[in-house]
Amino acid sequence: MNIPKSSFPRIIIIGGGFAGIALAKKLSKQEVQVVLLDKHNYHTFQPLLYQVSTGGLEPDSIAYPIRKVLGDFPNFFFRLADVSEINTEKNKVISNIGELKYDYLVVASGSKTNYFGNTSIEANSMEMKTVPQSLNLRSLILENFEDALLTSDLNERIALMNFVIVGAGPTGVELAGALAEIKKGILPKDYPDLDTRLAQINLVQSGDKILKEMSPQASQKAEDFLEKLGVHVWKNVRVTGYDGKTVTTNSDLTFDAATVVWAAGVKGAAIKGLDSDQFVSRGNRIMVNEFNQVKGLNNVFAVGDVAQMETENTPHGHPMMAQPAIQQGRLLGDNLLKMLENKPMKPFTYKDKGSMATVGRNKAVVDLPNFKFQGVFAWFVWMFVHLFFLIGFRNRMIVFINWVYNYIRFDREARLIIRPFKKEIKSNS
């Protein structure tokens with residue numbers, strides 16, 4: 001990897017997400033050599049990926065070059081690499097660009113889509129965890145409407161304009177709301193010769209409430225918002241299969257749809273060498289102690305979505321969201337420096353700052369520790385918080401200007417098919 005030798009301890013960080021970036025910033029300007037490895041050369045602000053998928057934002061407004069974030073720090077090195085294995089006995093990582101030894105290793109590889117073993121859904125549905133996946137979804141949505149113009153088969157036309165979103169967490173709810181607004185305000189103008197009233201947005205949830213991690217008030221209000229926007233909310237319905245044309249469920253309910261988005265779950269992106277039962281628990285997350293140390297290994301740590309820290313208050317681990325990742329990354333930076341100085345480390349305690357979701361224009365729900373509110377004010381709070389956590393002044397300005405423009409004009413300028421995408425239908429055989 002062409003990393004120079006140093007008298008400083010070498011700390012390798014795998015992953016440039018929220019946890020990895022927070023940790024690297026904490027270690028900046030310290031007497032350590034930091035090597036960050038990621039298969040992308042940019043950090044992605046994942047909470048706004050759905051806006052890329054629906055043409056509200058261009059991808060470069062929610063992505064920021066990792067080298068620019070940390071490039072001014074001494075003793076920091078970034079390598080574009082896909083890590084395939086960790087050898088904990090020899091203290092080295094193995095990647096597509098070579099091997100590298102570490103003194104300390106931090107796995108911040110995040111999460112990936114969990115299909116719960118359903119191969120037909122995995123093969124034929126869309127996921128939305130990365131910028132390329134969001135661009136693929138954007139192209140597919142727009143191309144399906146173009147194809148709907150060309151077919152004379154009414155059933156095929158309806159299927160091309162139907163959307164099924166599986167999973168009613170924040171991602172599913174926000175995507176459903178964005179698609180409903182596109183149907184209402186943009187499609188009639190873009191496709192005047194197409195009866196866009198036939199388009200349907202279906203949000204399917206296996207449980208009895210949407211936004212199940214939020215308060216009952218937030219859940220009910222979000223459902224009310226969605227139904228007013230024309231979204232069909234299906235609760236207590238579990239999707240069992242999708243062959244590329246028809247969605248089947250555990251009931252008699254089926255959907256004919258050309259666009260199915262799977263937002264029903266994620267699992268830890270554990271890496272070979274730390275993916276055995278010795279290290280991982282439920283959800284494919286790496287088991288760590290209260291200092292984010294991988295159990296049984298003194299010099300290997302895991303933070304963020306991939307880390308499973310089970311405590312009395314969090315028996316199932318911390319939520320796989322940005323805030324726990326950022327907080328763990330920052331504290332681990334302090335703890336690694338304490339460890340190098342033979343000082344006692346501080347155990348991690350998650351400070352829940354609340355959760356929120358937007359359901360469209362002037363509609364959002366916010367749960368703070370001591371205050372819960374919904375509606376227009378919640379929507380402004382949601383926008384402010386997301387702008388604040390974006391990396392880079394340029395990104396904040398671009399997103400803000402886009403939101404103001406979209407609000408005034410009720411438009412989404414980025415509905416471009418930059419690269420055509422067709423989902424190849426695969427059989428389950």
Side-chain angles (χ1 to χ4, degrees), residues 1 10-27 34-47 49 63 66 69-70 77-88 91-100 102 104-115 127-133 265-289 292-295 297 299-309 317-333 336 348:
M1 294 190 191
R10 176 181 290 162
I11 301 172
I12 296 180
I13 305 170
I14 302 175
F18 288 110
I21 294 294
L23 169 61
K25 284 184 173 180
K26 268 290 182 180
L27 295 174
V34 178
V35 181
L36 197 154
L37 308 175
D38 197 293
K39 55 187 174 184
H40 300 295
N41 73 334
Y42 54 85
H43 165 80
T44 303
F45 191 77
Q46 288 188 331
L49 279 173
I66 291 175
V69 178
L70 303 162
F77 300 88
F78 171 75
R79 292 294 182 265
L80 190 65
D82 188 0
V83 176
S84 56
E85 187 176 351
I86 297 166
N87 189 325
T88 56
N91 288 344
K92 68 178 181 180
V93 298
I94 302 164
S95 77
N96 61 326
I97 62 168
E99 302 177 356
L100 187 64
Y102 60 82
Y104 299 91
L105 173 67
V106 181
V107 181
S109 49
S111 60
K112 57 185 179 181
T113 304
N114 189 357
Y115 291 97
E127 55 184 323
M128 199 176 59
K129 287 288 293 177
T130 67
V131 168
Q133 289 170 356
V266 292
K267 60 182 178 180
I271 301 170
K272 184 180 178 182
L274 288 179
D275 59 348
S276 66
D277 292 341
Q278 177 186 353
F279 298 112
V280 300
S281 64
R282 54 191 298 164
N284 205 45
R285 301 172 78 181
I286 300 171
M287 293 181 287
V288 298
N289 62 16
N292 284 97
Q293 276 178 310
V294 176
K295 292 190 175 179
L297 301 171
N299 65 337
V300 180
F301 301 79
V303 287
D305 287 359
V306 77
Q308 177 83 352
M309 184 187 295
H318 295 95
M320 298 168 81
M321 300 188 303
Q323 269 305 312
I326 293 170
Q327 291 178 30
Q328 286 183 3
R330 288 172 177 168
L331 180 63
L332 181 56
L336 282 169
F348 177 74

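Quick caveat, the model's predicted, so the values are computed rather than measured.
The neighbour count for Lys25 NZ, taken as heavy atoms of other residues, nucleotides or ligands under 6.0 Å away, does not exceed 12. At most 12 heavy atoms of other shown residues, nucleotides or ligands fall within 6.0 angstrom of atom CG in Asp277. By the neighbour-count criterion of 12 heavy atoms within 6.0 Å, atom NZ of Lys295 is densely surrounded, having more than that number from other residues, nucleotides or ligands.
Annotation: side-chain contact (heavy atoms from CB on, under 4.5 Å) contacts of Met320 (sequence neighbours excluded): Ser111, Val266, Arg285, Asp305. Residues that satisfy the side chain to side chain donor-acceptor pair (under 3.5 Å) test with Glu85, not counting sequence neighbours, are absent from this structure. Not counting sequence neighbours, the partners of Asn292 by the side chain to side chain donor-acceptor pair (under 3.5 Å) test are Gln328. Residues satisfying the side chain to side chain donor-acceptor pair (under 3.5 Å) criterion with Arg79, sequence neighbours excluded, are absent altogether. For the salt bridge (Lys or Arg N to Asp or Glu O under 4.0 Å) test, no residue two or more places apart in sequence or in another chain qualifies with Lys39. Take Lys26 and apply the salt bridge (Lys or Arg N to Asp or Glu O under 4.0 Å) test, not counting sequence neighbours, and it matches Asp334.
Taking NZ of Lys92 as the start and OH of Tyr102 as the end, the distance is 10.5 Å to the nearest 0.5 Å. Here the CG-CG distance, from Leu23 to Leu331, works out to 10.5 Å after rounding to the nearest 0.5 Å. Going from atom CG of Asn41 over to atom CG of Leu80 covers 6.0 Å, rounded to the nearest 0.5 Å. Between Glu99 atom CD and Asn87 atom CG the span is 8.5 Å, to the nearest 0.5 Å. Here the straight-line distance linking atom CZ of Phe279 with atom OG1 of Thr88 works out to 5.0 Å at 0.5 Å rounding. Going from atom CD of Gln278 over to atom CE of Met287 covers 8.0 Å, rounded to the nearest 0.5 Å.
Across all non-hydrogen atoms, the minimal contact from Ala108 to Gly20 is CB-N, 3.9 Å. The heavy-atom pair separating Ala270 from Val306 by the smallest distance is N-CG2, 3.9 Å. The heavy-atom pair separating Ala307 from Ala302 by the smallest distance is CB-O, 3.4 Å. Across every non-hydrogen atom of Ala24 and Leu36, the tightest pair is CB-CD1, 4.2 Å. Closest heavy-atom contact between Gln293 and Phe301: CG-CE2, 3.1 Å. When all heavy atoms of Met309 and Asn289 are compared, the closest pair comes out as CE-O, 3.3 Å.
Proximity of Ile12 to Leu37: side-chain heavy atoms (C-beta onward) are separated by under 4.5 Å at one or more points.
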For a side chain to side chain contact (heavy atoms under 4.5 Å, CB included) check, start with the C-alpha distance between Val131 and His40, then their side-chain angles and the critical distance, and finish with the verdict.
CA-CA 10 Å; Val131 168; His40 300 295; over 6 Å; no

Working note: Phe348 + His318, criterion side chain to side chain contact (heavy atoms under 4.5 Å, CB included); need CA distance, chi angles, decisive distance, verdict.
CA-CA 11 Å; Phe348 177 74; His318 295 95; 3.6 Å; yes

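Using modelled atom types, one side-chain atom of Ser109 and one backbone atom of Ala269 make a donor-acceptor pair closer than 3.5 Å. At distances below 3.5 Å, at least one donor-acceptor pair connects side-chain atoms of Asn284 with backbone N or O atoms of Gly268. Checking side-chain atoms of Asp82 against main-chain N and O of Asn96 turns up no donor-acceptor pair under 3.5 Å.
Only one option out of Val300, Leu297, Asn299 pairs with Leu105 in a side chain to side chain contact (heavy atoms under 4.5 Å, CB included); it is Val300. When Ile286, Val288, Val106 are each tested for a side chain to side chain contact (heavy atoms under 4.5 Å, CB included) with Val303, only one passes: Val106.
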